[in-house]
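Following: one structure in structure tokens, then a few remarks.
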Amino acid sequence: MGRYGLVMEVHANEAVVLMPDGEFRRQPIDGEVPEVGDLMQVTEEPPTLTLTKKAEQDGEPLG
């Protein structure tokens, strides 16, 4: 059984969902497109985050 969150934004293929603990998650949309304010079931997969250093973004070498 999955957890549910409140849909805050809807994009082409994903929704931004506010979880009961205050965490925001991006959830792929499978099937019917939800509307803002709907409850949406969220997968239990942990969110992924990719960090890049500022110098790397500016094209400067790191090191």
Side-chain angles (χ1 to χ4, degrees):
M1 183 170 134
R3 295 174 28 186
Y4 286 83
L6 182 66
V7 176
M8 302 299 289
E9 294 180 12
V10 177
H11 301 281
N13 59 353
E14 70 180 11
V16 177
V17 180
L18 175 60
M19 301 302 295
D21 63 2
E23 175 186 11
F24 286 91
R25 287 199 181 180
R26 292 185 181 274
Q27 181 67 34
I29 297 173
D30 294 324
E32 188 176 339
V33 178
E35 293 184 17
V36 172
D38 286 348
L39 286 179
M40 181 178 185
Q41 188 170 8
V42 177
T43 60
E44 294 299 323
E45 297 176 22
T48 58
L49 179 63
T50 304
L51 298 176
T52 58
K53 294 187 178 189
K54 177 76 170 125
E56 201 172 53
Q57 292 174 352
D58 293 341
E60 298 173 15
L62 297 176

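Between Leu6 and Gly37, the closest heavy-atom pair is CD1-O, 3.2 Å. Scanning all heavy atoms of the two residues, the minimum distance from Val7 to Ala15 falls at CG1-CB, 4.3 Å.
Applying the side-chain hydrogen bond (donor to acceptor under 3.5 Å, both in side chains) rule to pairs touching residues 9-20 yields Glu9-His11, Glu14-Arg26, sequence neighbours excluded. For residues 29-38, there are no side-chain hydrogen bond (donor to acceptor under 3.5 Å, both in side chains) pairs, not counting sequence neighbours.
Every residue meeting the side-chain contact (heavy atoms from CB on, under 4.5 Å) condition with Met19, not counting sequence neighbours, appears here in chain and number order: Arg3, Val17, Asp21, Glu23, Arg25, Val42.
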